[in-house]
S.K.: 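I'd like to ask some things about the structure below.
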Amino acid sequence: MPLVALGWLPDIGPMKTAEARAKAGQPVPDGGEEHALQIDTNYDGQSPHLLNFLLPIASLIVATWYFDIDILRGVIVALAVTLVLIAVQRLLSFNDTFDTALEGFKAMIMPLGTLVAGFSLKEVNDVLGLTEVVIQAVQPLMTAGLLPAVVFVTMAFLAVATGSFWGLFAVAMPIVLPLAISMDANMPLVVGALISASAFGSHACFYGDSTVLSAQGSGCSPMAHALTQIPYVLIAAALATGVFLLIGFL
């Protein structure tokens, strides 16, 4: 990502097309208006303050940590802080404030629906035992040297197929880690392979939470966002597989 952001790595595939379209003056793709957030840029002569962005974000992080990583309570606290900031600075009237909040809720209905469907698919796969079945199927291929690479490729496939990223740990670790111990494999490398597979799925799965929310924020469909990520994550995955193989045998 730093290489792409700095322009050292050229735009590839759908991302190149999207960047060219944006430079031509069309940041939102054709048919993407329904996904774009409608932002009112009429500030009535008032200049925006960076504090109005930083303070709610900071309160979200602090409150989430304070409530034992309960992000729902953190969001409620951040929303309350935002309302106080608006009221103190008189940025919006009482009615406009809550009308704007409701518009924000409405803008998130479709992304939340996609996430609920993704979570439902995850639960179905968990009940069916898909992760355990796949691990047992590839177990004959697992040797001490191959284990990190096999774990990475297998878990990456499962992350995309199930829409479950960090949740894979709860299912995979009790199976993979004892296997790594019995084979005397490189334990930090195996754990790193699991984490890398989760990161791969988070970028590549079009109905994953990070993809859906990123697409909503950038004004495009989840599928369009995922397609722009695929070339980059495949390059990263190929490099990661090679590194896991190299270090695994060393």
Side-chain angles (χ1 to χ4, degrees), residues 1-6 8-15 69 115 118-119 121-214 222-223 225-250:
M1 287 187 291
L3 293 178
V4 175
L6 293 171
W8 295 355
L9 187 66
D11 297 325
I12 305 172
M15 180 63 80
I69 319 298
L115 292 180
F119 289 142
L121 177 61
K122 172 190 173 298
E123 291 298 325
V124 170
N125 285 316
D126 288 345
V127 172
L128 292 175
L130 177 63
T131 302
E132 294 91 335
V133 170
V134 172
I135 292 177
Q136 296 299 328
V138 299
Q139 190 168 348
L141 302 175
M142 294 183 180
T143 63
L146 283 175
L147 183 60
V150 172
V151 166
F152 171 70
V153 173
T154 304
M155 291 298 102
F157 164 75
L158 287 173
V160 175
T162 64
S164 174
F165 313 130
W166 307 112
L168 280 178
F169 290 126
V171 179
M173 275 194 168
I175 303 173
V176 172
L177 296 190
L179 190 61
I181 293 173
S182 65
M183 292 180 174
D184 196 24
N186 188 324
M187 185 61 68
L189 197 62
V190 173
V191 175
L194 282 171
I195 296 174
S196 300
S198 297
F200 175 88
S202 180
H203 285 283
C205 182
F206 73 92
Y207 52 86
D209 50 3
S210 59
T211 297
V212 170
L213 296 178
S214 297
M223 179 60 76
H225 177 69
L227 289 176
T228 61
Q229 305 303 300
I230 287 295
Y232 298 100
V233 296
L234 289 180
I235 292 173
L239 293 174
T241 303
V243 171
F244 286 132
L245 284 172
L246 179 62
I247 301 179
F249 281 105
L250 292 177

S.K.: Parallel, tilted or perpendicular: which one describes the rings of Phe152 and Phe244, with boundaries at 30° and 60°?
M.R.: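 Judged by the thresholds at 30° and 60°, the geometry between Phe152 and Phe244 is tilted.
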S.K.: I need the His225 NE2 to Ile230 CD1 distance, nearest 0.5 Å.
M.R.: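 That separation rounds to 10.0 Å.
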S.K.: Side chain to side chain contact (heavy atoms under 4.5 Å, CB included) for Leu146 and Phe249? Distances and angles first, verdict last.
M.R.: CA-CA 7 Å; Leu146 283 175; Phe249 281 105; 4.0 Å; yes
S.K.: Which heavy atom of Ala149 sits nearest to which heavy atom of Leu245, and what is that distance?
M.R.: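 Closest approach of Ala149 to Leu245, heavy atoms only: CB-CD2, 3.6 Å.
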S.K.: Ignoring hydrogens and angles, tell me if any N or O in the side chain of Thr241 forms a donor-acceptor pair with the backbone of Ala237 under 3.5 Å.
M.R.: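 Yes, because the side chain of Thr241 sits within donor-acceptor range (under 3.5 Å) of the backbone of Ala237.
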S.K.: Using the rule side-chain contact (heavy atoms from CB on, under 4.5 Å), only one of Asn186, Val190, Val191 pairs with Pro188; which is it?
M.R.: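 Among Asn186, Val190, Val191, the one meeting side-chain contact (heavy atoms from CB on, under 4.5 Å) with Pro188 is Asn186.
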S.K.: Restricting to non-hydrogen atoms, name the atom on Gly201 and the atom on Ala159 that form the minimum distance, rounded to 0.1 Å.
M.R.: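 For Gly201 and Ala159, the tightest heavy-atom pair comes out as CA-CB, 3.8 Å.
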S.K.: Looking at CE of Met187 and CG of Leu177, how far apart are the two atoms once the value is rounded to the nearest 0.5 Å?
M.R.: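 That separation rounds to 5.0 Å.
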S.K.: What heavy-atom pair brings Ala204 and Ala226 nearest, and what distance separates the two atoms?
M.R.: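 So the minimum-distance heavy-atom pair works out to O-CB, 4.2 Å.
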S.K.: Apply side chain to side chain contact (heavy atoms under 4.5 Å, CB included) to residues Phe157 and Val153 and explain how you reach the verdict.
M.R.: CA-CA 6 Å; Phe157 164 75; Val153 173; 5.8 Å; no
S.K.: So which atom in Thr154 and which in Val150 form the shortest heavy-atom distance, rounded to 0.1 Å?
M.R.: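 Here Thr154 and Val150 meet closest at OG1-O, 2.7 Å.
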S.K.: Supply the atom-to-atom distance Cys205 SG to Gln229 CD, rounded to the nearest 0.5 angstrom.
M.R.: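 One finds 12.5 Å between SG of Cys205 and CD of Gln229.
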S.K.: Supply the atom-to-atom distance Leu147 CG to Asp184 CG, rounded to the nearest 0.5 angstrom.
M.R.: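 Nearest 0.5 Å value for the CG-CG distance: 11.0 Å.
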S.K.: Should His203 and Tyr232 be marked as a side chain to side chain contact (heavy atoms under 4.5 Å, CB included) after you check the CA-CA gap, both sets of side-chain angles, and the distance that decides it?
M.R.: CA-CA 9 Å; His203 285 283; Tyr232 298 100; over 6 Å; no
S.K.: Return the CG to CD1 distance between Leu9 and Ile235, rounded to the nearest 0.5 Å.
M.R.: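 Taking CG in Leu9 and CD1 in Ile235, the distance rounds to 6.0 Å.
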S.K.: Can you tell me how far the CG atom of Leu234 sits from the CG atom of Leu239, to the nearest 0.5 Å?
M.R.: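 It is 11.0 Å, given to the nearest 0.5 Å.
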